Structure formats: C-alpha cells, structure tokens
Amino acid sequence: MRIVGLLLILLATLPASGLQLEGRWIQGGFVSGKVAPGSTMTLDGQRVTIAKDGTFAFGLGFDAPVAATLTVTHPDGRKERQEYPVEQRRYPESRIDGLPGAMVTPPKAVLDRIAKDNSDVGKARAQRRPAADFADGFIWPLKGSRISGEFGSRRILNGEPRQPHFGVDIAAPSGTPIQASAAGLVTMAHPDLYFTGQTVIIDHGLGVTTTYLHLSKTNVKVGQAVAKGEVIGQVGMTGRATGPHLCWRANWGNVRLDPSLLVDEQPARTQPRS
C-alpha cells in the first residue's frame, strides 16, 4: 500500500505544461501546487480557488471515486485536462458504548439547535481567502500525541450504526495545551455546540480549514490571526465525549480530509476511547 501511495505522489508531481502538484491522491488526501497566475481550475467540476501567485489546494473526500479529473484553463485560454487515480481505503470499525442516549439519538427539542450549529460550522468553513497560510506545512496540534480514534472509521454508538468519524481523536489529559496546526484566521470559537462542545475553526486559506473539538478552554476569538504552533485552547471532554481528548478535523470547503495525512510524522495508535 505504501509503495502504491508513493507512486501516486510521484505521478502527481510530474510537470504538465507548468502545472505543479504535491500531495497524495488518496481518499481523504490533501493536494496543493502551483499553476500560472491568472489560470482557473476545477476538480471534478468543482471550482478550485487559486491565489494571485498561482498557489492552489484541494482535497479528496473520504469516499472519493477511483479517479479524479483536474481541468486547468491557462491564461492564454488553453485547456488542460488530467485524470489521476485515487487510492482507495478500507476504514476500521469503531464501537463506543456508554454515551448518554440524547447524544446518540437527540430529542426533537434540540434538533433546531443542532441545525443551527451545523449552519454556523458550514459558514465558518465556507471562506475562500486567496491566501496560502498552510504553505509552511502542518504540525500535530498536541505534542507526544497518541491516536485513539481514526478518520473514516465506521462508528457504532451504543450499538447503533452512525455516520463515519470525520476526524482524528487524540488522547491527552484534560487541560493539555492545543496548538494551531498551521497559521491562519480563526472563523469560529464557539463555547458550546451540542455534539462538539467548545469548538475552534481555523481558516488556512483557499478553502482549507482545521477544526478542534471538545475543548475545556478556548484561548482565541473570531477574527484573530494565529501562528503555526500557537496555543489556541486546552483539551477537554465537552459535547459528546466519554473522556478527555481532542478531535481534530480538516476540510477543503465541505470535503472531509484526513488530518493525519497533512503531517509527515505519525504518532502511535491506541484502542478507541472517545
């Protein structure tokens, strides 16, 4: 599997009429690159935002099909169409028991609140700032971290199947400092979302965001610029959680990405606990 992944990276970085690509074409993967300034681009028909210097980024969903089509219209009007194979993944199953019943099947009384929460989160991720704050790379938001829940895992909550887990759970004691995984602009610092509790979203430019869930303390405000590695809050267990941990998520617009693919170093994994 690793050899196939490296081959896909190699193929993606081959020059094609000035188009430069870097990343892994895999479900949940993150790809960035450069093209001639003034170009336009789509991925499977979806617009890709390009910065003034030609930098761009996009992601592949957790259930992306076996191939993706990138179409570039160059400043001189030439169109370039490239198709790339997408590595498919087999996701694990994660069983979590002991959750309050209202957190698995919410009562009708809170459905309006949940709908508003989802709307607010969508707005916080919808920006397409023409800046590439992520260009300096990503780091793990917790030092010495251990993964306790994997991206894409099929969740069975209190014995009932639910949607896949779209983040990476990182086990840590309550109060552990959380760092911004890359530079960016805070677009959400919410004190209490129904499922995710204290929640922070950072916009890294060009539609790329990371999200930090279940915090016990938040150190940032909406509109605040943060540096890579800056402390933005502390680990907690607010919202739907059975123990202290950080659920770290990444998105390109509304496309769910695997945050662990944003960084090179991979920490140890433990049995799911959150």
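Quantities reported herein were computed from a predicted structural model and do not represent experimental measurements. Residues take their numbers from the sequence shown, with the count starting at 1.
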Are the side chain of [X] and the backbone N or O of [Y] linked by a donor-acceptor pair below 3.5 Å?
X      : Y      : result
Gln27  : Gln88  : no
Ser181 : Phe138 : no
His204 : Ala183 : yes
Gln234 : Pro177 : no

| From CA spacing to verdict: salt bridge (charged side-chain N to carboxylate O under 4.0 Å, His left out), Arg125, Asp120 | CA-CA 9 Å; Arg125 289 176 175 157; Asp120 290 345; over 6 Å; no
| message | Using the side chain to side chain donor-acceptor pair (under 3.5 Å) criterion, which residues pair with Asp258? Sequence neighbours excluded. | response |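 Asp258 satisfies side chain to side chain donor-acceptor pair (under 3.5 Å) with Arg89, Ser260 only.
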Please report the interatomic distance [atom1]([X]) to [atom2]([Y]), rounded to the nearest 0.5 Å.
X      : Y      : atom1 : atom2 : answer
Ile170 : Ile147 : CD1   : CD1   : 6.5 Å
Trp140 : Leu262 : CH2   : CG    : 9.0 Å
Glu230 : Ile202 : CD    : CD1   : 8.5 Å
Thr176 : Leu142 : OG1   : CG    : 6.5 Å
Phe56  : Ile50  : CZ    : CD1   : 7.0 Å

State whether a side-chain donor-acceptor pair under 3.5 Å links [X] with [Y].
X      : Y      : answer
Ser32  : Glu22  : no
Ser148 : Arg146 : no
Tyr84  : Thr69  : no
His214 : Thr196 : no

| request: Begin with the C-alpha distance, continue with both residues' side-chain angles, and end with the deciding distance and a verdict on side chain to side chain contact (heavy atoms under 4.5 Å, CB included) for Gln179 and Lys228. | output: CA-CA 7 Å; Gln179 303 176 100; Lys228 176 180 176 181; over 6 Å; no
| query | So, do Leu19 and Glu80 sit near enough that their side-chain heavy atoms are less than 4.5 Å apart? | reply |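 In short, these two side chains touch, coming nearer than 4.5 Å.
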| Validation row: Leu213, Arg249 side chains within 4.5 angstrom (heavy atoms) | yes
| task | Let me see the working for Arg24 and Leu261 under side chain to side chain contact (heavy atoms under 4.5 Å, CB included), right down to the final yes or no. | result | CA-CA 8 Å; Arg24 190 172 172 190; Leu261 298 178; 4.0 Å; yes
| What residues, two or more places apart in sequence or in another chain, satisfy ring pair (Phe, Tyr, Trp, His ring centres under 6.0 Å) together with Phe151? |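 In terms of ring pair (Phe, Tyr, Trp, His ring centres under 6.0 Å), with neighbours along the sequence ignored, Phe151 is linked to no residue.
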| field | Cationic N near anionic O, under 4.0 Å, Arg129 to Asp133 | value | yes
| Taking 4.0 angstrom as the limit, do Asp112 and Lys116 come out as a salt bridge? | no
| request: Measure centre to centre between the rings of His165 and Tyr91, then say whether the value is under 6.0 Å. | output: no
| Phe30 and ring pair (Phe, Tyr, Trp, His ring centres under 6.0 Å): which partner among Phe58, Phe134, Trp25? | Phe134
